[in-house]
Amino acid sequence: KMKWYMNKKISAKLILAFAFVLAFTAILGVFSVRELGLVRATAQELGGNEMKGVNEINQITAAVSNYHIAEMNLLISVADPERRAQAQRGMQEEMENLKNHKSLYAPLIDDPEEKRIYDGFLANVAQYFSTSQKYQDLIRANKVAEASQLLEGDLSKQFFESDKAIDDDAAFQQKMSDAAVENSEQVYSTARLWIIGIVVGNVITGLLFAMWMAGVISRPIQAVGVV
């Protein structure tokens with residue numbers, strides 16, 4: 001069966017032997033590059049979309065919380081024009097921050113469940129800001145008692161509902177990040193085992209092939225020596 005190989009010159013036999021070993025090395029290289037590409041893709045996802053999403057959600061949470069703090073200060077400082085103006089500026093600034101980070105976060109949503117949770121937050125926070133506007137109108141009309149009642153009632157309730165909605169989004173984002181990390185670890189472990197297996201197989205195959213080739217080359221020489 002190996003007559004085609006036996007009849008070749010020694011140089012051709014050596015070339016074929018080395019080509020065989022190099023072919024295994026090339027397979028190892030291609031596989032390694034492929035697996036590293038998967039690891040890189042996961043790392044890019046973590047360093048890009050996932051981490052940016054977590055950061056923007058945190059910024060949205062902070063903007064809503066800071067708005068509510070300024071909103072409460074508005075009632076506390078109702079008799080102090082300067083502090084009242086400061087509270088109003090704080091509310092406006094946080095509204096701008098929220099608008100900015102919402103626009104940055106929206107393109108990062110890449111999962112239907114994530115979109116569903118975030119849409120729920122948008123609905124809650126829209127209702128909250130609508131009630132907040134009524135609260136501010138009451139303060140401007142010097143209806144402090146009614147404003148206080150609204151703050152302690154519906155306004156606070158809607159704030160906490162909005163806060164919970166964005167917390168749910170943050171929890172989902174963290175879940176996705178954890179899943180990406182786990183997937184990266186699985187890809188790494190699988191690639192590591194395959195690379196080790198191919199390297200070991202390459203070495204063993206090369207040694208066996210070298211031993212066989214040495215026998216193929218040495219037997220004719222020994223036969224000539226006997227003659």
Side-chain angles (χ1 to χ4, degrees), residues 42-78 80 83-141 143-185:
T42 304
Q44 286 180 329
E45 183 179 1
L46 282 171
N49 188 66
E50 300 298 340
M51 294 307 297
K52 287 180 181 177
V54 170
N55 180 64
E56 293 307 325
I57 289 174
N58 289 337
Q59 295 297 328
I60 289 171
T61 302
V64 176
S65 296
N66 291 337
Y67 178 91
H68 188 56
I69 291 171
E71 188 174 53
M72 291 187 291
N73 288 335
L74 186 63
L75 182 63
I76 295 170
S77 61
V78 69
D80 186 337
R83 290 184 60 191
R84 182 174 172 178
Q86 183 179 0
Q88 289 173 328
R89 285 195 300 271
M91 293 170 68
Q92 185 61 39
E93 287 174 2
E94 295 307 330
M95 283 289 285
E96 291 298 322
N97 285 337
L98 179 61
K99 181 180 178 181
N100 178 46
H101 290 293
K102 280 166 58 179
S103 67
L104 292 173
Y105 174 64
L108 301 175
I109 298 174
D110 57 3
D111 186 275
E113 179 63 13
E114 182 182 8
K115 186 177 187 306
R116 184 191 69 78
I117 296 171
Y118 183 63
D119 285 345
F121 161 74
L122 293 178
N124 284 333
V125 82
Q127 185 180 26
Y128 166 60
F129 285 135
S130 176
T131 305
S132 178
Q133 188 59 53
K134 295 177 183 178
Y135 164 79
Q136 294 173 59
D137 290 342
L138 289 172
I139 290 179
R140 278 192 289 268
K143 297 180 179 180
V144 178
E146 293 180 36
S148 178
Q149 185 178 5
L150 185 60
L151 176 63
E152 294 174 1
D154 289 347
L155 194 57
S156 290
K157 178 184 175 183
Q158 291 166 9
F159 163 73
F160 287 119
E161 287 174 349
S162 299
D163 190 59
K164 182 182 181 302
I166 198 62
D167 282 347
D168 289 343
D169 197 2
F172 182 80
Q173 193 75 28
Q174 185 61 52
K175 180 181 176 182
M176 291 181 66
S177 297
D178 292 342
V181 170
E182 183 179 355
N183 180 62
S184 178
E185 291 175 350

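The figures that follow rest on heavy atoms only: side chains count, while hydrogens, waters and symmetry mates do not.
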Stepwise side-chain contact (heavy atoms from CB on, under 4.5 Å) test for K164 and E161: CA-CA 5 Å; K164 182 182 181 302; E161 287 174 349; 5.8 Å; no
Indicate yes or no: at least one non-hydrogen side-chain atom of [X] is less than 4.5 angstrom from one of [Y].
| X | Y | answer |
| --- | --- | --- |
| K143 | Q149 | no |
| L98 | I60 | yes |
| Y128 | H68 | yes |
| F129 | V125 | yes |
| D169 | E114 | yes |
| L122 | K102 | yes |
| L151 | L75 | yes |
| I57 | F121 | no |

Audit row: R140, D137, salt bridge (charged side-chain N to carboxylate O under 4.0 Å, His left out) steps and yes/no: CA-CA 5 Å; R140 278 192 289 268; D137 290 342; 2.5 Å; yes
Shortest non-hydrogen separation from G90 to A70 and the atoms involved: C-CB, 4.1 Å
Closest contact, heavy atoms only, E94 versus A63: OE1-CA, 3.4 Å
Nearest-0.5 Å distance that lies between atom [atom1] in [X] and atom [atom2] in [Y]:
| X | Y | atom1 | atom2 | result |
| --- | --- | --- | --- | --- |
| M176 | D111 | CE | CG | 4.5 Å |
| R89 | E93 | CZ | CD | 8.0 Å |
| D163 | D168 | CG | CG | 10.0 Å |
| I139 | S77 | CD1 | OG | 8.0 Å |
| E56 | T61 | CD | OG1 | 11.0 Å |
| M72 | M91 | CE | CE | 11.0 Å |

Do any N or O atoms from the side chain of [X] and from the backbone of [Y] form a donor-acceptor pair under 3.5 angstrom?
| X | Y | result |
| --- | --- | --- |
| D154 | L150 | no |
| Y135 | E71 | yes |
| S162 | N124 | yes |
| N66 | A62 | yes |

Verdict with reasoning, L138 to K134, per side-chain contact (heavy atoms from CB on, under 4.5 Å): CA-CA 6 Å; L138 289 172; K134 295 177 183 178; 5.6 Å; no
Charged N-O contact under 4.0 Å between R116 and E113: yes
Residue pair Y105, Q173: steps toward the side-chain contact (heavy atoms from CB on, under 4.5 Å) verdict: CA-CA 12 Å; Y105 174 64; Q173 193 75 28; 3.8 Å; yes
I76 and R83: CA distance, side-chain angles, deciding distance, side-chain contact (heavy atoms from CB on, under 4.5 Å) verdict: CA-CA 9 Å; I76 295 170; R83 290 184 60 191; 4.1 Å; yes
